[in-house]
Amino acid sequence: MPQDDPITDLPGGRVLARVDYEIAASRERVWDLLPATIIQCMPVEQMDILDESSFNAMLKVTMGFLTVPFRIRVRAADIQPMTSLGTRVTVSKGGFQSSLSVSYSLFDAGEERTRISSIAKEDNPGGLMRLL
């Protein structure tokens, strides 16, 4: 990882996952498609758009033979155009609540290639993120 990699400088939280990959597209193209791709990859239902940077939705998680619905709120934050995008996902069920920060950083990886580093951190452990 480069010394100036902003994804390694994220404050606090327990790292749940990290993924690094390359895409055969310019950084501009990846940046244009990133928000829509993030939303399309989330298995949510009943999405309610709140504003240009946040929405509420219902996430259904199957555990064995049981499907459990969770209310989630997703908010884009820490946006640095063409460089990084952070999201905060808050999951609630009953009186329990847990938050997850997912950050995406974009780097040039050659002509018409972009490297993306993504890291997910549990902000306030509530146990729900471990289930998901």
Side-chain angles (χ1 to χ4, degrees):
M1 280 293 136
Q3 291 275 351
D4 62 346
D5 186 353
I7 206 157
T8 60
D9 298 329
L10 295 173
R14 184 174 78 85
V15 175
L16 298 176
R18 179 176 181 142
V19 178
D20 296 290
Y21 50 95
E22 279 190 25
I23 295 178
S26 69
R27 188 191 298 206
E28 292 82 11
R29 180 75 174 141
V30 172
W31 180 258
D32 288 344
L33 296 174
L34 186 59
T37 303
I38 292 169
I39 292 171
Q40 290 173 359
C41 290
M42 298 179 77
V44 298
E45 299 177 5
Q46 303 172 1
M47 186 180 295
D48 180 26
I49 307 293
L50 301 174
D51 56 41
E52 63 186 27
S53 64
S54 58
F55 66 87
N56 289 334
M58 184 65 66
L59 173 68
K60 291 189 177 178
V61 177
T62 301
M63 296 179 266
F65 296 105
L66 183 64
T67 299
V68 180
F70 292 92
R71 296 209 37 80
I72 66 169
R73 171 171 278 175
V74 179
R75 183 178 55 84
D78 303 324
I79 300 169
Q80 296 180 10
M82 306 298 290
T83 303
S84 64
L85 170 68
T87 59
R88 182 177 174 98
V89 180
T90 303
V91 179
S92 59
K93 182 71 176 172
F96 298 99
Q97 184 172 325
S98 197
S99 294
L100 173 76
S101 292
V102 183
S103 295
Y104 304 87
S105 292
L106 282 62
F107 305 92
D108 291 327
E111 191 171 323
E112 296 297 312
R113 295 195 64 79
T114 303
R115 180 173 62 91
I116 301 173
S117 291
S118 176
I119 190 166
K121 288 188 174 185
E122 188 175 32
D123 291 332
N124 60 336
L128 289 177
M129 287 301 169
R130 290 188 194 99
L131 290 174
L132 302 177

Under a single-linkage definition using a 4.5 Å side-chain heavy-atom cutoff for Ile, Leu, Val, Met, Phe, Trp and Tyr, are Trp31 and Leu33 assigned to the same hydrophobic cluster? no

Close side-chain approach of Ile38 and Val102, heavy atoms under 4.5 Å: no

Find the distance between CZ (Arg27) and CZ (Arg115) and round it off to the nearest 0.5 Å. 10.0 Å

Roughly how far, to the nearest 0.5 Å, is the OG1 atom of Thr83 from the CG atom of Leu106? 7.5 Å

From Arg113 CZ over to Asp108 CG, what is the distance, rounded to the nearest 0.5 angstrom? 12.0 Å

Val74, Leu50: one ILVMFWY side-chain cluster at the under-4.5 Å cut-off? no

With the 4.5 Å side-chain cut-off for hydrophobic clustering, are Ile72 and Val68 part of the same group? yes

Only one of Gln40, Gln46, Met47 forms a side-chain contact (heavy atoms from CB on, under 4.5 Å) with Val44, so which one is it? Met47

With sequence neighbours excluded, residues passing side chain to side chain donor-acceptor pair (under 3.5 Å) with Glu112: none

Start with the C-alpha gap between Ser105 and Ser84, add the side-chain angles, then the distance that decides, and say whether side-chain hydrogen bond (donor to acceptor under 3.5 Å, both in side chains) holds. CA-CA 4 Å; Ser105 292; Ser84 64; 5.0 Å; no

Test applied, side-chain contact (heavy atoms from CB on, under 4.5 Å); reference residue, Tyr104; option that passes from Ile119, Thr37, Val19, Leu34: Leu34

Consider only side-chain heavy atoms of I, L, V, M, F, W and Y, link residues closer than 4.5 Å, and tell whether Met58 and Val61 are in one cluster. no

NZ of Lys121 to CG of Leu100, rounded to nearest 0.5 Å, is 11.5 Å

